There are 2 protein chains.
Amino acid sequence: MALTPLDRNSPMPLWAQLEADLRTRLEANEFAESFPTDLELTEAYKVSRHTVREAVRHLNKTGVLKRERGRGTVVNRAEFEQSLGTLYSLFQSVESAGVEQTSEILRLEVTTDRLAAAQLGIPEEAQLVLVERLRLAGGVPLAVDRAWLPHEFASTLLDVDWSHTALYAELAKAGAPVPNQGWERLTPIVPSSADRAMLGLQKSDAAFFLERLGCRDQRPIEWRTTIIRGDRYRFVTDWSAGTRSELRPTAD
Amino acid sequence: MALTPLDRNSPMPLWAQLEADLRTRLEANEFAESFPTDLELTEAYKVSRHTVREAVRHLNKTGVLKRERGRGTVVNRAEFEQSLGTLYSLFQSVESAGVEQTSEILRLEVTTDRLAAAQLGIPEEAQLVLVERLRLAGGVPLAVDRAWLPHEFASTLLDVDWSHTALYAELAKAGAPVPNQGWERLTPIVPSSADRAMLGLQKSDAAFFLERLGCRDQRPIEWRTTIIRGDRYRFVTDWSAGTRSELRPTAD
DNA sequence: TTTCTCCGTTTGTCCGTACAATTGGACGAT
DNA sequence: ATCGTCCAATTGTACGGACAAACGGAGAAA
């Protein structure tokens, strides 16, 4: 992917234009092998090292890059993927603990769903692909995951081997759009007896209920609900005055 | 409070020393009236404007300052207080919605508690002050809050008018240490029938259970549990690829 | 083959300068 | 009293330069 020359007549600062271009190239996985050095970027974009460092500093506000003097800059893939929201942070925290994640298909079908359609902003009679899975960590139930996606571009999901757990990878493989932004909402619930049975929960156990809307180019393309065991997974934070703290999912 | 001169022989970068000094002064509320300009800081600490801007940039990583060209720098108190963890973020989100927060004392007594003592790292027979309150937002129950603090320095809490909601302000007023860091843990629970009654919850309702340890100078001085209605308050996040996202509490 | 040294590369730190964009207050005009 | 103009103050943007700290690879020595 060719770089975008900077526009010195633009009211947008040079560092901001440079950051946007680098971000686009980063999301296109162009820096998997190596990230350009400060010198390479000054030469490629014809700006000073100060401007390059300012752009990279902003790009790196989320810790997506690892920079070290003498060594250079590499892309922190784990951090990049963690930026796909709470659900993927949870999956990643399980993976970081070295626990194998698998899933069992509960339902894989074309259906309609009034609530999902409403969230996706499409007619309620529109056909949706429902992927309902029981997710396990180390063979133990972790969550019941239900994803509804418009049939018009998610139909290829019907032909997938779902013992893997990567919905987005399957979408990408099929050339379908993959969500890259959205919102999530976390609520405590008492699961239904059917969900309790699947998760191996007692009658007195509560669980987390995560609702998630995934969009591409501002367009909703994924509505998802996930019931997460609250006895094995919870959210923790270290807080400190003057320092931003954030809840992160962790296994008990 | 006098500023701390920078040590140019220290391996610690100048900007890092300057940041630490500014942070200390910020926590001592020294910049309530005004935050020094870049020029004032270069003159006071005898460093370049570049070093000053680097220090302020780091200090401001949490958004605790608001900087604008032409206007100057002011302290963002709301952001600073929000950095006291999820519980205070919740309280603040209610306040930002313009809803009055009050509290009713349920229990205010000297007691012992094995779990609290364990979390505080003191003998289980040690005397603790228990402040148990029902917290309301706009007259509607929001949470049941229980705080245990060692009696040796929290005894003044026994003489307080608790219709206000500011535990830390009361501690500060009494000259007692106030927590400035710690950890929190969020779990979903089915509340007891007593707690359900106080919160106005149905039998089928789950709630959030927040456990929190507050420390000062690395020493635990507050153990706290809070049951938060899950039907009225939840955690939401906006996520975006390549950008850090965080769950924040919000009223429904 | 292994270890050590040297050196080039890379980012971090620090300095200085210049100018632009924005803000707010002072002051004059109405 | 109100409005408009001007200007100083303040932060943001951009450049250039210099040197330090850390790293890794090449090549020599053992």
Side-chain angles (χ1 to χ4, degrees), chain A residues 3-23 25-26 30-76 79, chain B residues 3-23 26 31-76 79:
Chain A
L3 63 83
T4 303
L6 305 185
D7 177 6
R8 286 178 180 270
N9 293 322
S10 171
M12 195 178 185
L14 290 176
W15 68 261
Q17 296 179 51
L18 176 50
E19 183 209 351
D21 201 54
L22 292 176
R23 188 181 298 283
R25 297 170 70 188
L26 182 64
E30 199 176 310
F31 303 127
E33 301 295 307
S34 66
F35 194 87
T37 67
D38 289 354
L39 181 54
E40 287 168 349
L41 290 172
T42 68
E43 290 168 349
Y45 289 91
K46 298 184 189 351
V47 290
S48 78
R49 193 176 164 225
H50 164 93
T51 302
V52 162
R53 288 173 61 77
E54 184 73 10
V56 171
R57 181 187 348 263
H58 277 264
L59 180 66
N60 200 17
K61 277 200 167 193
T62 63
V64 74
L65 301 174
K66 189 187 305 185
R67 282 168 66 84
E68 273 177 68
R69 76 178 77 181
R71 177 171 292 176
T73 309
V74 295
V75 176
N76 191 347
E79 191 67 25
Chain B
L3 63 82
T4 304
L6 306 183
D7 176 7
R8 287 177 179 271
N9 293 322
S10 170
M12 196 178 184
L14 289 177
W15 68 260
Q17 297 180 51
L18 177 49
E19 182 208 352
D21 200 55
L22 291 176
R23 189 181 299 282
L26 182 64
F31 302 126
E33 301 295 308
S34 67
F35 194 88
T37 68
D38 288 354
L39 181 56
E40 287 169 346
L41 289 172
T42 68
E43 290 170 348
Y45 289 91
K46 298 183 185 357
V47 290
S48 77
R49 191 176 166 227
H50 167 93
T51 303
V52 162
R53 287 174 61 79
E54 185 74 10
V56 170
R57 181 186 350 263
H58 275 264
L59 179 66
N60 199 19
K61 278 199 167 193
T62 62
V64 75
L65 302 174
K66 189 189 302 185
R67 282 167 66 85
E68 271 177 71
R69 75 177 78 181
R71 174 172 294 176
T73 308
V74 296
V75 175
N76 190 348
E79 192 67 24

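Just so we're on the same page: letters track the sequence lines, and every chain starts at 1. This one's a predicted model, so the numbers in the text were calculated from it and none came from an experiment.
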### Task
Please confirm whether any donor atom in the side chain of R71(B) sits under 3.5 Å from an acceptor in the base of dG12(D), or the reverse.
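Answer is no: no donor-acceptor pair is held.
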### Side chain to side chain, V52(A) and E40(A), heavy atoms closer than 4.5 Å
no
### Message
Measuring only between side-chain heavy atoms, which start at C-beta, is L22(A) closer than 4.5 Å to L18(A)?
### Response
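Of all side-chain heavy-atom pairs linking L18(A) with L22(A), at least one is under 4.5 Å.
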### Query
Rounded to the nearest Å, what distance is computed from the CG atom of residue L18(B) to the P atom of nucleotide dT13(C)?
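Taking atom P of dT13(C) as the reference, CG of L18(B) is at 13 Å.
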### Query
Rounding to a whole Å, what distance do you find between E19(A):CD and dT13(D):P?
11 Å
### Message
I want to confirm an ordering. Mapping R8(A) and D38(B) to their closest nucleotides on DNA chain D, which one lands closer to the 5' end?
### Response
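Whichever sits nearer the 5' end wins; that is D38(B).
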### Task
For G70(B) and for H58(A), find the nucleotide of DNA chain D with the closest heavy atom, then tell me which residue's nucleotide is more 5'.
G70(B)
Does [N] have OP1 or OP2 sitting under 4.0 Å from an N or O in the side chain of [X]?
X      : N       : result
R69(A) : dA20(D) : no
T73(A) : dT11(C) : yes
T51(B) : dT13(C) : no
R67(B) : dG12(D) : yes
R49(A) : dC15(D) : no

### Task
For the pair R53(B) and R67(B), evaluate side chain to side chain contact (heavy atoms under 4.5 Å, CB included) and give the outcome as yes or no after the intermediate values.
CA-CA 11 Å; R53(B) 287 174 61 79; R67(B) 282 167 66 85; 3.5 Å; yes
### Task
Would you indicate which nucleotide in dT13(D), dC15(D), dT13(C) comes nearest to any side-chain atom of R53(A)?
dT13(C)
### Message
Regarding R57(B), tell me which of base, sugar-phosphate or nothing describes its non-hydrogen contacts under 4.0 Å with the strands shown.
### Response
nothing
